[in-house]
Amino acid sequence: MADYLILFGPPGVGKGTQAEHLKTTLGLAHVATGDLFRDHLKRETELGNLAKSYMDRGALVPDDVTIGMVRERMKDPDTQNGMLLDGFPRTVAQAEALEKLLAERDQTIKHVLFINAPKDMLLERLGNRWTCKKCGAIYNANTKPPKNAGVCDVCGGVVYQRDDDKPEVQAKRINVYLEQTAPLIEYYQARGMMTMIDGRQSMDQVYADLMAAIEQAK
Ligand code: ADP
Ligand code: ZN
């Protein structure tokens, strides 16, 4: 059976790094709405230009736009073998829409993995986060810099600081998370389908906890 997993947590908690690792191990299609928006932006599509105005402010892109984009992505055949959802759902309305989209193919969410960390740690990590423009690889200026400054270890692309990782926007993104996304904690907890993972631990330990939670959910 195909597995549908949700990875969720505040901005800067390390979701993206863990998702890269997990999707390879689990062989699931990685559906990261932030990456999908950035890809549209790079190609200068209508959707990309619309999303940019929200992303630059640290706001969420409207639900109908985001859900429509995920619906399109779910037409790709690789998603039939399961998905690792990363950064989606981010609102209760998105969570409900996702359930409907999955029900259309007789599927349900297998488990929700919630990585959490305190606000000061999130701000520290976001402030030091640098991203490869080409492949999306994530670096940390303090703990995991690229071997050659400004150059991606993986693909040789340019490593840059995302506009929405700049200090002015960070606090806004965390507040948006607390207001609009944090209600999902209760939503999924009430349904008994979520494991909370301590994002203060090392990347390796967080990964081990994620794998253990996935095993248990089988
Ligand atoms: P992070 O990795 O820091 O959590 P993402 O790369 O997932 O950030 O998302 C970057 C931006 O893209 C968000 O701040 C938001 O503007 C937009 N975005 C991504 N996913 C969603 C979503 N599910 N709903 C609305 N907006 C989204
Ligand atoms: Zn790269």
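Along the sequence shown, the residues carry numbers beginning at 1. Note that the structure is a prediction, hence the values are computed from the model and not measured.
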If you compare all heavy atoms of P146 against all heavy atoms of G150, which two are closest, and at what distance to 0.1 Å? CG-N, 4.1 Å

Suppose the criterion is ring-ring contact (aromatic ring centres under 6.0 Å, His included): which pairs have a residue in residues 157-203, not counting sequence neighbours? none

Under the side chain to side chain contact (heavy atoms under 4.5 Å, CB included) test against M83, which residue among L102, L5, I6, D3 passes? L102

Counting only heavy atoms from other residues, nucleotides and ligands, does the tally under 6.0 Å from CZ of R200 exceed 12? no

Taking only residues two or more places apart in sequence, or in another chain, which ones meet A212 in a side-chain contact (heavy atoms from CB on, under 4.5 Å)? none

Would you mind listing every salt bridge (Lys or Arg N to Asp or Glu O under 4.0 Å) that reaches into residues 26-39, with sequence neighbours excluded? D35-R38, D39-R43

I138 reachable from V31 in the ILVMFWY side-chain graph, under 4.5 Å edges: no

Validation: residues 166-173 side-chain donor-acceptor distances under 3.5 Å, sequence neighbours left out:
unit_1	atom_1	unit_2	atom_2	d
K166	NZ	D163	OD1	3.3
Q170	NE2	D165	O	2.6
R173	NH1	D164	O	2.6
R173	NH1	D165	OD1	2.9

Residues passing the side chain to side chain donor-acceptor pair (under 3.5 Å) test with T24, sequence neighbours excluded, are none

Working to the nearest 0.5 Å, report the span between CD of E20 and NE2 of H30. 6.0 Å

Heavy atoms of R73 and A29 approach each other most closely as NH2-CB, 4.0 Å

Contacts of type side chain to side chain donor-acceptor pair (under 3.5 Å), residue E72, not counting sequence neighbours: K75

Test your reading of the model: is there a side-chain donor-acceptor pair from Q18 to the backbone of M203, 3.5 Å cut-off? yes

In terms of heavy-atom contacts, P11 and L122 come closest through O-CD2, 3.5 Å

Could you give the distance from OG1 (T181) to CZ (R90), rounded to the nearest 0.5 Å? 6.0 Å

Output side-chain donor-acceptor pairs under 3.5 Å for residues 62-71, partner residues at least two apart or in another chain, one line each.
unit_1	atom_1	unit_2	atom_2	d
D63	OD1	T91	OG1	3.1
D63	OD1	Q94	NE2	2.9
D63	OD2	T91	OG1	3.4
T66	OG1	V61	O	3.4
T66	OG1	P62	O	3.1

Check each of I115, L113, I197 against D209 using the side chain to side chain contact (heavy atoms under 4.5 Å, CB included) test, and report the only one that passes. I197

Could you name each residue pair satisfying ring-ring contact (aromatic ring centres under 6.0 Å, His included) that touches residues 115-158, not counting sequence neighbours? none

Under the side-chain contact (heavy atoms from CB on, under 4.5 Å) rule, collect the residues that match up with S202, sequence neighbours excluded. D204, Q205

To the nearest 0.5 Å, tell me how far L22 CG sits from D86 CG. 9.5 Å

Qualifying residues under side chain to side chain donor-acceptor pair (under 3.5 Å), relative to Q180, sequence neighbours excluded: none

Greater than 12 external heavy atoms within 6.0 Å of E186's CD: no

For T79, give me all partners under side chain to side chain donor-acceptor pair (under 3.5 Å), at least two apart in sequence or on another chain. R105

Set of residues satisfying ring pair (Phe, Tyr, Trp, His ring centres under 6.0 Å) with respect to F8, sequence neighbours excluded: F114

